[in-house]
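Start at 1 with the first residue, then count along the sequence. All values below were derived from every heavy atom in this structure, side-chain atoms included, with hydrogens, water molecules and symmetry-related copies excluded.
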Amino acid sequence: MGLRDELLKAIWHAFTALDVDKSGKVSKSQLKVLSHNLCTVMKIPHDPVALEEHFKDDDEGPVSNQGYMPYLNRFILDKVQDNFDRIDFNRMCWTLCARKNLNRNHLLISDDDAFKIWCIFNFLSEDRYPLVMVSEEIEYFLRKLTEAMGGSWIEEKFEEYKLQLSSKHQCLNVWELIELVGMGHFSKGMDRQTLSMGINEVFQELILDVLKQGYMMKKGHKRKNWTERWFLLKPNLISYYVSEDLTEKKGDILLDGNYRFSVMIYSKCCVSFSLPDKEGKKCLFYVKCSDKSFEVSASDKKKKQEWIQGIQTCITLLKVGHPAPHHEARQKRRELRQKQQAEQEELELRMKELQTANENKQSELEAMRKKLEEAAANAAEEERRRLQTQSELQDLYRVEMEKEKMVRQQMEEQVAQKSSELEQYLQRVKELENMYHRLEEALEEERQARQDEETVRKLQATLLEEEVSKRAELEQIHLYQQQTISQTQAEKQELERERLAKESALQSAMQQLQQLEADRWGALEQYEEVMKKLADAANNTKSWKDKVAHHEGLIRLIQPGPKYPQKITNWGPAAFTETELSLREKDWQEKKNRPPTPQ
């Protein structure tokens, strides 16, 4: 932990103490006093108007911690040097915060011991705000304190206390730590003086960097006499005092990695060689620096060995540039906690991933279980359906067998019925043969009717030819009449007479024509009668055809048809034969080409 971080922790306690209403802000007047005291203690030139200049754009209200930090860094911490008394600095900050937060009721320790615990808390607390001390550092401090008091550490008791800390996230603030030590929870059986001495020893080791302390005999440089002195071993020097109250300092032995330092043993306990006693002193060791040499005598072999190892450790640390062992141990504990925290976070993340994977697996297993249940249910349903289908097939097979028996019986009945139907069929064939003979007779009648129809048609053709000739004569007469009308008036009378004669002849011709028309109508009536007979014969034939077709087509009727194509004239279909029509056409062409005869 650097100097700036160490100072910030104490200043944070002071700033928090000035925040009376716990709003996170402090008035400017209080910050002026705090800044002045800090500059005085840390031997920094104080600028009384710097705070006002820094916050001149703000209102007259209080200043937050974040707002005070830029000023603190710029005008105080950036100017600080390691030339001030840190104990006075910590005591000034302690005075501000203890007045408000320290509860002295039922405490077994003095204010000075509480102040030392406060300093130890700042040293061991985490570098995050608000400041707290985690359970590992609490255990480290309590273990150190117990060892300093000469007691034995009870692991089970602290584990029980850690269970109580679980509700507080495994950490304590400074006032809870002071209460824990001051109430004597971990120092039962110890008097107040022993507790105070233990706190002081831990304070000197962790805060004052005293690695070892105790009384030893030192040989003087001038009078060469042996005098008892109180020695303090720090990372860069060995200080010796008249007594342990540290009121009168006699001198320092500076330790430097560049100095030539050797430890020489003048006693029988030397592992390399043995020497006789010197001046009645045992457990001697010799400290030689660049300018002076010191002869020191420990009280026993153990103390001598501890001092030698301590001094060698300091020299080694100075050579490699490492801090004091407790600083390095604290850093290692923090790195270990950070590593454990990272591993814990990674483990939690891994556990979450495993839990997620487990949940996914559980969901997959649940889905598979549901699928298996569904498959089992489907299999059971399929088996039930198969058994049901099998039973239905058996029932169906039984029904089919019964049906087959019934069909066999029906077939036998049908065979018998077919036999009877065959007899009926043979009888029907005989009836059809009789019907065939009757049909031939009907066809013969139809042929005779057609011959009669042909005769009537010939008669109609003859009548029609006579009618045409009469009409041609009438046309000639009418033409002649027209010609005679155009003759002179003189011939009119004669023509009139001729006309009258012609009219009489025309009337007689018209009478003949009417007679021919009557004859033609008579021939038509005969033709209709013949056609009616022919239709009756055709209907009769059709009925016989239907009967024959109804009896499964055993007999196919043969109908007579015309041998040549029939032609249709205005006298009806097939009124003239081909020969007659050709004769009539020839006669008509001759009359048409013949020139008219003059009258």
Side-chain angles (χ1 to χ4, degrees), residues 1-13 69 77 86 117-148 153-178 180-181 186 202-203 205-211 234-235 257 309-310 312-360:
M1 181 173 63
L3 177 61
R4 181 184 292 264
D5 295 332
E6 181 182 349
L7 298 177
L8 277 176
K9 287 185 177 182
I11 296 172
W12 177 81
H13 285 291
M69 280 302 296
L77 297 180
R86 297 188 186 183
I117 296 174
W118 181 82
C119 294
I120 294 171
F121 173 86
N122 290 340
F123 175 74
L124 297 177
S125 63
E126 299 297 302
D127 293 335
R128 62 176 183 269
Y129 297 89
L131 295 175
V132 292
M133 184 186 293
V134 297
S135 59
E136 292 83 357
E137 298 297 334
I138 297 172
E139 181 181 2
Y140 172 78
F141 168 61
L142 294 178
R143 190 186 293 271
K144 280 274 186 185
L145 180 61
T146 304
E147 292 175 356
W153 176 252
I154 304 174
E155 188 73 29
E156 293 78 7
K157 187 175 181 181
F158 183 75
E159 291 296 331
E160 292 178 0
Y161 180 72
K162 281 179 67 175
L163 296 177
Q164 300 177 6
L165 287 178
S166 60
S167 60
K168 299 181 180 180
H169 307 288
Q170 297 287 328
C171 58
L172 292 177
N173 60 31
V174 62
W175 312 113
E176 293 171 342
L177 181 65
I178 293 173
L180 175 66
V181 178
F186 286 89
V202 177
F203 172 77
E205 179 182 354
L206 299 182
I207 305 303
L208 301 180
D209 293 336
V210 177
L211 303 182
K234 294 186 178 181
Q309 290 179 354
Q312 289 177 343
T313 301
C314 291
I315 296 299
T316 304
L317 293 175
L318 288 173
K319 285 183 178 181
V320 297
H322 287 180
H326 55 274
H327 286 273
E328 189 174 1
R330 181 193 62 179
Q331 185 63 27
K332 289 182 179 180
R333 290 195 303 273
R334 287 187 178 180
E335 291 176 356
L336 180 60
R337 281 199 302 273
Q338 292 174 358
K339 182 179 179 181
Q340 290 177 350
Q341 184 177 2
E343 292 176 353
Q344 182 68 21
E345 292 176 355
E346 184 179 0
L347 181 60
E348 291 178 357
L349 180 62
R350 181 61 180 166
M351 289 297 293
K352 288 181 180 179
E353 292 177 355
L354 290 175
Q355 185 177 2
T356 304
N358 188 24
E359 291 176 356
N360 295 334

(request) Please report the C-alpha distance between Arg334 and Glu137 in whole Å, then the side-chain angles of each, then the deciding distance to 0.1 Å, and finally whether the salt bridge (Lys or Arg N to Asp or Glu O under 4.0 Å) criterion is met. (result) CA-CA 9 Å; Arg334 287 187 178 180; Glu137 298 297 334; 5.5 Å; no

(request) Could you tell me whether the side chain of Arg86 reaches within less than 4.5 Å of the side chain of Ile207, counting heavy atoms only? (result) no

(request) Could I get the full list of ring-ring contact (aromatic ring centres under 6.0 Å, His included) partners for Phe158, not counting sequence neighbours? (result) Trp153

(request) Tell me, with the steps shown, if Val202 and Glu147 meet side-chain contact (heavy atoms from CB on, under 4.5 Å). (result) CA-CA 9 Å; Val202 177; Glu147 292 175 356; over 6 Å; no

(message) So Leu317 and Glu328, do their side chains get closer than 4.5 Å, heavy atoms only?
(response) yes

(message) According to side-chain hydrogen bond (donor to acceptor under 3.5 Å, both in side chains), who are the partners of Lys144, at least two apart in sequence or on a separate chain?
(response) Glu205

(request) Could you list all the salt bridge (Lys or Arg N to Asp or Glu O under 4.0 Å) pairs where at least one residue sits in residues 348-357, not counting sequence neighbours? (result) Arg350-Glu353

(message) Measuring only between side-chain heavy atoms, which start at C-beta, is Arg330 closer than 4.5 Å to Tyr140?
(response) no

(message) Regarding Arg143 and Glu155, does a basic nitrogen lie under 4.0 Å from an acidic carboxylate oxygen?
(response) yes

(message) With rounding to the nearest 0.5 angstrom, report the CG to CG distance, Asp5 to Asn122.
(response) 12.0 Å

(message) Is the shortest side-chain heavy-atom distance between Glu136 and Leu336 below 4.5 Å?
(response) no

(message) Nearest 0.5 angstrom please: Met351 CE to Gln344 CD, how far?
(response) 9.5 Å

(message) Any heavy-atom pair between the side chains of Val174 and Val132 that's under 4.5 Å?
(response) no

(request) Verify, without hydrogens or angle tests, whether Asn358 (side chain) and Leu354 (backbone) share a donor-acceptor contact under 3.5 angstrom. (result) no

(request) Check Met133 against Ile138 and note the closest heavy-atom contact, atom names and distance. (result) O-CD1, 3.4 Å

(message) side-chain contact (heavy atoms from CB on, under 4.5 Å) for Tyr129 and Lys9? Distances and angles first, verdict last.
(response) CA-CA 9 Å; Tyr129 297 89; Lys9 287 185 177 182; 3.8 Å; yes

(message) Set out, in order, the CA-CA distance, both residues' side-chain angles and the distance that settles side-chain contact (heavy atoms from CB on, under 4.5 Å) for Leu77 and Leu7, then state yes or no.
(response) CA-CA 8 Å; Leu77 297 180; Leu7 298 177; 4.1 Å; yes

(message) So Tyr161 and Leu180, do their side chains get closer than 4.5 Å, heavy atoms only?
(response) yes

(request) Could you list the residues that satisfy side-chain hydrogen bond (donor to acceptor under 3.5 Å, both in side chains) with Glu126, not counting sequence neighbours? (result) Arg337

(request) Check the pair Thr146 / Ile154 against side-chain contact (heavy atoms from CB on, under 4.5 Å), numbers first and verdict last. (result) CA-CA 9 Å; Thr146 304; Ile154 304 174; over 6 Å; no

(message) So which atom in Pro235 and which in Cys314 form the shortest heavy-atom distance, rounded to 0.1 Å?
(response) O-CB, 3.6 Å

(message) Is there a side-chain contact between Phe121 and Ile178 in this structure, where contact means two heavy atoms from C-beta onward sitting under 4.5 Å apart?
(response) no

(request) Please round to the nearest 0.5 Å and tell me the distance separating atom CG of Leu124 and atom SG of Cys119. (result) 11.5 Å

(message) Distance check, rounded to the nearest 0.5 Å: Glu345 atom CD versus Glu343 atom CD?
(response) 11.0 Å

(message) If the condition is salt bridge (Lys or Arg N to Asp or Glu O under 4.0 Å), which residues does Arg4 pass it with, not counting sequence neighbours?
(response) Asp78

(request) First locate atom NE2 of His13, then atom CH2 of Trp118, and finally report the distance between them rounded to the nearest 0.5 Å. (result) 5.5 Å

(message) Restricting to side chain to side chain contact (heavy atoms under 4.5 Å, CB included), what partner residues turn up for Leu208, sequence neighbours left out?
(response) Ile87, Phe203, Gln204, Val210

(request) Heavy atoms only: give me the nearest Leu131-Ser125 pair and the separation to one decimal. (result) CD2-OG, 4.0 Å

(message) Any side-chain to backbone donor/acceptor pair from Glu176 onto Asn173? Under 3.5 Å, distance only.
(response) yes

